[in-house]
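Values below: every heavy atom of this structure, side chains too, minus hydrogens, waters and symmetry copies. In what follows, every chain begins at residue 1, and chains take the letters A, B, ... in the order their sequences are listed. The structure displayed is predicted, hence computed values, not measured ones.
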Amino acid sequence: MRVLSTVPWTLRRMSRDYLVLLLLLGVPIVLLSLFSYLMGNAMAESGRLLFHDTAQQMIMSFQLFSGSVVMSYLYYDLFTEKRMRIFTLPFNKSLYAFSIMLCGTVYSLVLGVLLMTYAQLVLGVVWEHWVWMSYNLLLLSVVSSIVSLILMFSVRSFKTAERLTEIYGVGFIVLAGLFFPMPDNAVMNFLGSYGNPLTLSDGAVTAMANGEAGEAWLQANVLAAASLVLFPLMLLLGRRKMR
Amino acid sequence: MTIFEFALKRSFGNPTNLIFLSLFPLAAIFLPQSELWPALPYGYHYFGILLLFVAIRLTAILIEDRTSGIVKRLAVAPITHFSYLSQNLLAFACILVLQCTVVVAGGVLYGQELGQPLMLLVLYVSFAFTALAMAVAWVALYRSKEIAFLVYMTIIVLLSLLGGMLFPVEMIPEPLSRVIMVLPTYWLTDGMAWVTSGGDLLDFWLANGVLWLYTIIFLTLGSVRKIH
Amino acid sequence: MSPVPYVQGWRFLQIVALIHLWIAGDARPSLFLLILLLLILVCLRWRFPLPPWTAALDIGAAALFMPFTPLAGYALALPIFELALAGRWLLALPLAAGLLLAQGDPAVGLWFFAASLFFGGFARVSLRNERLYQQEVDEQRKARQELERFRTELLAAGRASAHQAELMERYRIARQLHDHLGHDLTGASLALQAYDYVKEPEEAAKLLAEVRRRIERSTDSLRETVHNATPVARIGIERLEQVVQGYGELGLHFVKTGDMQRIQAYQWDLLESCLKEALTNVARHSNATEVRIELQTGEAIVRLLVQDNGTLPDTGQPGTGLKNLQLRARALGGSLSISRGQGVLLVCVIPLEERGEPDEAADRG
Amino acid sequence: MTIASLQGVVKRYGTQLVLDGVDLDLHEGEILGLLGPNGAGKTTLIQTLTGMTPVDRGTINLFGDDRHPFSHANREKLGLVTQEITVFDELTARENVLFFAGVYGIKGEEKKRRAAEALAFVGLEDRADKRPAKFSGGMKRRLNIACALTHRPRLLIMDEPTVGIDPQSRNHILEAVTRLRDRGTTILYTTHYMEEVQAIASRVVIMDQGQIIQEGTVDELVRTIQHEEKVSIDVTDASLVDRGRLEQIAGIKQVTVHGNKLTVISAAGAGNLDRIITIIKEQTGLVGIQADKPNLEDVFLTLTGKQLRDKEEGS
């Protein structure tokens, strides 16, 4: 398992990428604080803080962009700058790619948990189920990483792939109806509920908080199933691209 | 006018730019109207954010010129920095003004409720110039196009959030609601409120005036010549 | 550090203060126009040096809003600062009267104005000091360059006189050889030729005595000439070797190649100084254990290379000793280069004067 | 005639002295090679000479004008080939050239003619309507040069115009540079590559630590350092040669044997080649003789003890 020895270094590289930290940790913290300040103690109909829902949605939303980190690391390590060096190393390239993906996912999860901690300790949001919420963050991060990699493996230019992941991230936030309500038709309804990873994980957490464990597991399992289905597709495309 | 002409050519040469310049504005025309807030249809309410994005994308050309060294060549050529900058800005401004016109005219033809469409157009044009000037000043700070763009994105989010574009300004609590008056986006939403609900004409021109003064300020700051 | 950023910072700070007063006050939207107008002037001052009369623009903007708001009164702090910065602080005093017109808190306004006035004056003094200081530095630099040029000329003159002295000495030796040695030896040689033809023994003995006398005299004369021409002090390569021996504790390797005779006295001087400086530096500042010294004399240049194996990091600029040597080397038309890689490497190159018969040298080369 | 000159130019960045009293004259119609290691101040020298950065002290004279050396009239006579490839990737080669022609105020038919001429000059006429993104490194470099030629500059400054390209393209560029010189263009040429300067420059200036430490023609510079000669001699059987006897010849410093090749290093102008050959011929058969001439690289090494180019970056 020589690949294992690279994992600490990959994690270290990621934690020193200050631009990513700024975008995925600094900006959310600022936004969360701002929203907390703006919303004050307004209550939602459900009896929870209005800000609770917003914070939950925001923390979830940032997981949609976890794929971009994985994507850029894979791109620079396996397809451009360091390609020659990495390809001459005596380890399994697919496994290395997989380890980067895992690292990126874990990294994104850690950032998410940090945000949750900040929201609870500083902004006073009380999360009902830490483990359940983390599990859903993880699922969302996994799905996003897989989707990003599928996009990257299936288009030729990295720039296009980057744009597509941005569209994936922003697109699902828009489709979830966070900016403005989506038109009321079958397709849009599907994309605003079971067809949208963001609403799925968000719904799972909210359902669990409301004590509807069955509904919660259903939504989370849909997400897990999606990643199980997409994973072989990613492997297939990745193997083709890496050769 | 060589630089003007080529700035236009280059702006349309990039596929992502094409999406920003044509697809998004067209999409904006067809977005629905909300019952409660905002008063303008969503596409028009968010159009300011789009203008901010388009402006930074267009001015990325200036960073490219600097990183690729084109600026060095132009520094040696018989052309002043002022004329280089103004020709580029003129090209970008033409694109933005055209975009504003298309969006407003499209809305009128499609039958969107725009209050006073002509005034809305005037306001958009004013804000387009402010957005452009802000982007120019921002771009002057950076060497890398990517980093400038990513950091500016967060600035756009904050600006639009605090300026009342994602959130009704009325909801913002007292001390902050005064502070945000220094943001250009506040004056855009202020102007848009006038367009939909009417009021003292002077208030509308005040909003435009502030936007134009901001344009001058940011252009002054952004006109520094940097070669490296 | 230049005071300019502080001046700029103060200007922007004043705008921030006005914004604060505006927000803390009634925050009437129309008043924001005043702040923006002033901000434009501040930005322009940041980009271009505006003349002092532009303070009138600030005053005008403030006057325009004066009837409507106390803020316009406070805004007069900006032109007050500009006037104080331009040294026209007396003109700033009537502006303080604006305080009476403004309905705001006179205490706040008073201290705001006083602070602007004082900082403006202070900034003026420090800006002028900076300018004077720069001017002085530039003048000193210019003086040093002139001195350098003067020294170059002096060295050239010294070179010429050394050359002259050598020629005169050569002439003296030649004359002495010619006058005494030459005559005597010619005479002796003639006498020996005559000896072959002389039959009478007395005559022959007389001739031989004459020959002996002449040869003895020429031997004396030769000894005297050589004695006069031999310098008492060590010269040339011997001096360098002596320097090297003085640093016996270091592991020194001294390699010399080429025709040392071609190096002139003034060039030996520089080479010796370079070597001394380099070795002193090694002994004083370095942990080097080995020093390699090469002296190569070629067709057109002489090159001295000193390389040590020290590992201490670079401490920055070369010392004044080396700077001076660099100047001296340049004055002789050569160069001195110091670089640090593995140890310190010093290379001094001085051009040699053309050989008496350059064509022959070229043919062989 | 002097076309451009720097006198006592001093330039500081903060406290660091980048140019330390540089004097330089460019004569009409010459190719002046500017050499120096990284950080010697070459780029800053070019920047001051083109007016990109103001100098702290000293005067610059361009085309006989030292009061307004960078007036538009003077800039119209000045061309710069940058070290980076400064062309627009999203425009075709012809459009790139047209852009710069337009910036120099050339209009209409004349502009088209000049653009075609510039492209033909660097041998890109058949690729004129392709985008440079697909070009090889050498072709991009050539386009980079073409962009500086449309206004037919009197003085062309070329900052490392051949970095990282194949030998064929390099020869093409060098040949173009000499053709420009033949047309009467004065050229200031900086490079890391000695052989280029040796091939085309009529005069060479060597910089180190912000100062000009040597200048002259290539031959002059090489002659100044020639303090030893290296001769390689191929023999039929080197083991038969008595090295001790060779080393006793006056002027011989070193004799090394590598296979059947003898390398003899002797003092310059010792004139001992005849004796060496005689001795070798007595002992074994002589196959061939080859004398190695020193080059500018050696000049630089002699003056500073440094390589002009760091070993790892040399290609």
Side-chain angles (χ1 to χ4, degrees), chain B residues 1-22 57-92 95 140 143-146 223-228, chain D residues 13 43-44 46-54 62 69-92 95-107 111 115 131-133 140 144-145 147-151 153 155-160:
Chain B
M1 293 304 271
T2 311
I3 292 178
F4 171 76
E5 187 187 315
F6 278 84
L8 280 182
K9 249 187 211 172
R10 290 166 67 198
S11 297
F12 286 104
N14 177 323
T16 320
N17 269 6
L18 270 183
I19 294 179
F20 265 102
L21 294 179
S22 53
R57 280 215 68 92
L58 288 176
T59 47
I61 281 186
L62 299 178
I63 294 197
E64 272 173 28
D65 280 1
R66 207 159 59 229
T67 42
S68 69
I70 300 276
V71 177
K72 275 188 199 170
R73 278 216 141 116
L74 294 173
V76 175
I79 184 168
T80 57
H81 180 64
F82 176 78
S83 116
Y84 161 76
L85 204 65
S86 55
Q87 289 191 32
N88 267 314
L89 287 181
L90 191 62
F92 304 153
I95 294 172
R143 285 205 56 165
S144 148
K145 191 170 108 181
E146 273 73 32
S223 62
V224 191
R225 182 173 88 163
K226 286 190 176 170
I227 286 181
H228 311 290
Chain D
Y13 285 128
T43 306
T44 313
I46 288 179
Q47 283 177 356
T48 53
L49 186 61
T50 52
M52 267 187 248
T53 32
L62 267 186
F70 306 115
S71 65
H72 279 192
N74 274 349
R75 285 190 189 177
E76 276 170 20
K77 297 182 236 163
L78 188 67
L80 171 69
V81 177
T82 47
Q83 189 174 351
E84 308 95 331
I85 296 176
T86 47
V87 298
F88 303 110
D89 275 346
E90 60 268 49
L91 302 179
T92 66
E95 283 170 331
N96 266 295
V97 180
L98 283 172
F99 173 84
F100 287 105
V103 169
Y104 278 88
I106 303 161
K107 292 195 178 68
K111 183 159 82 171
R131 289 189 183 196
K140 277 187 192 168
N144 200 32
I145 293 174
C147 288
L149 295 182
T150 47
H151 60 293
L155 170 59
L156 183 64
I157 295 169
M158 307 181 92
D159 193 1
E160 314 227 354

Inter-residue atom distance B/Thr2.OG1 - D/Phe100.CZ, 0.5 Å rounding: 11.0 Å

Contact between D/Phe99 and B/Ile3 at the side-chain level, heavy atoms closer than 4.5 Å - yes or no? yes

So, for B/Ser68 and D/Thr86, which heavy atoms are closest and what is the spacing to 0.1 Å? O-CG2, 2.7 Å

Indicate yes or no: at least one non-hydrogen side-chain atom of D/Asn144 is less than 4.5 angstrom from one of B/Arg73. yes

From CD1 (B/Ile70) to OG1 (D/Thr82), nearest 0.5 Å: 7.5 Å

Partner residues of B/Asp65 under the side chain to side chain donor-acceptor pair (under 3.5 Å) criterion, sequence neighbours left out: B/Arg10, B/Tyr84

Check whether B/Ser83 gets within reach of chain D through its side chain, its backbone, both or neither, counting any heavy atom under 4.5 Å. neither

Between D/Glu90 and chain B, which part of the residue has a heavy atom less than 4.5 Å away: side chain, backbone, both or neither? side chain

Counting only non-hydrogen atoms closer than 4.5 Å, does D/Leu91 touch chain B with its backbone (N, CA, C, O), its side chain (CB onward), both, or neither? side chain

Going by ring pair (Phe, Tyr, Trp, His ring centres under 6.0 Å), name the residues that satisfy it together with B/Phe92, two or more places apart in sequence or in a different chain. none

Looking only at non-hydrogen atoms, find the nearest pair between B/Arg225 and D/Met52 and report the distance. NH2-O, 3.5 Å

Test log, rule side chain to side chain contact (heavy atoms under 4.5 Å, CB included), inputs B/Thr67 and D/Glu84: CA-CA 9 Å; B/Thr67 42; D/Glu84 308 95 331; over 6 Å; no

With only heavy atoms counted, which part of D/Ile157 is less than 4.5 Å from chain B, the side chain, the backbone, both or neither? neither

In terms of heavy-atom proximity below 4.5 Å to chain B, should D/Phe70 be classed as side chain, backbone, both, or neither? neither

Could you look at D/Ala148 and say if it's the side chain, the backbone, both or neither that has a heavy atom under 4.5 Å from chain B? both

Separation of D/Ile46 CD1 from B/Lys72 NZ (nearest 0.5 Å): 9.0 Å

Evaluate the side-chain proximity of D/Glu95 to B/Phe6: yes if any heavy-atom separation is below 4.5 Å, no if none is. yes

Tell me, for B/Glu5 versus chain D, whether the close heavy atoms (under 4.5 Å) come from the side chain, the backbone, both or neither. neither

Do any N or O atoms from the side chain of D/Arg75 and from the backbone of B/Ala75 form a donor-acceptor pair under 3.5 angstrom? yes

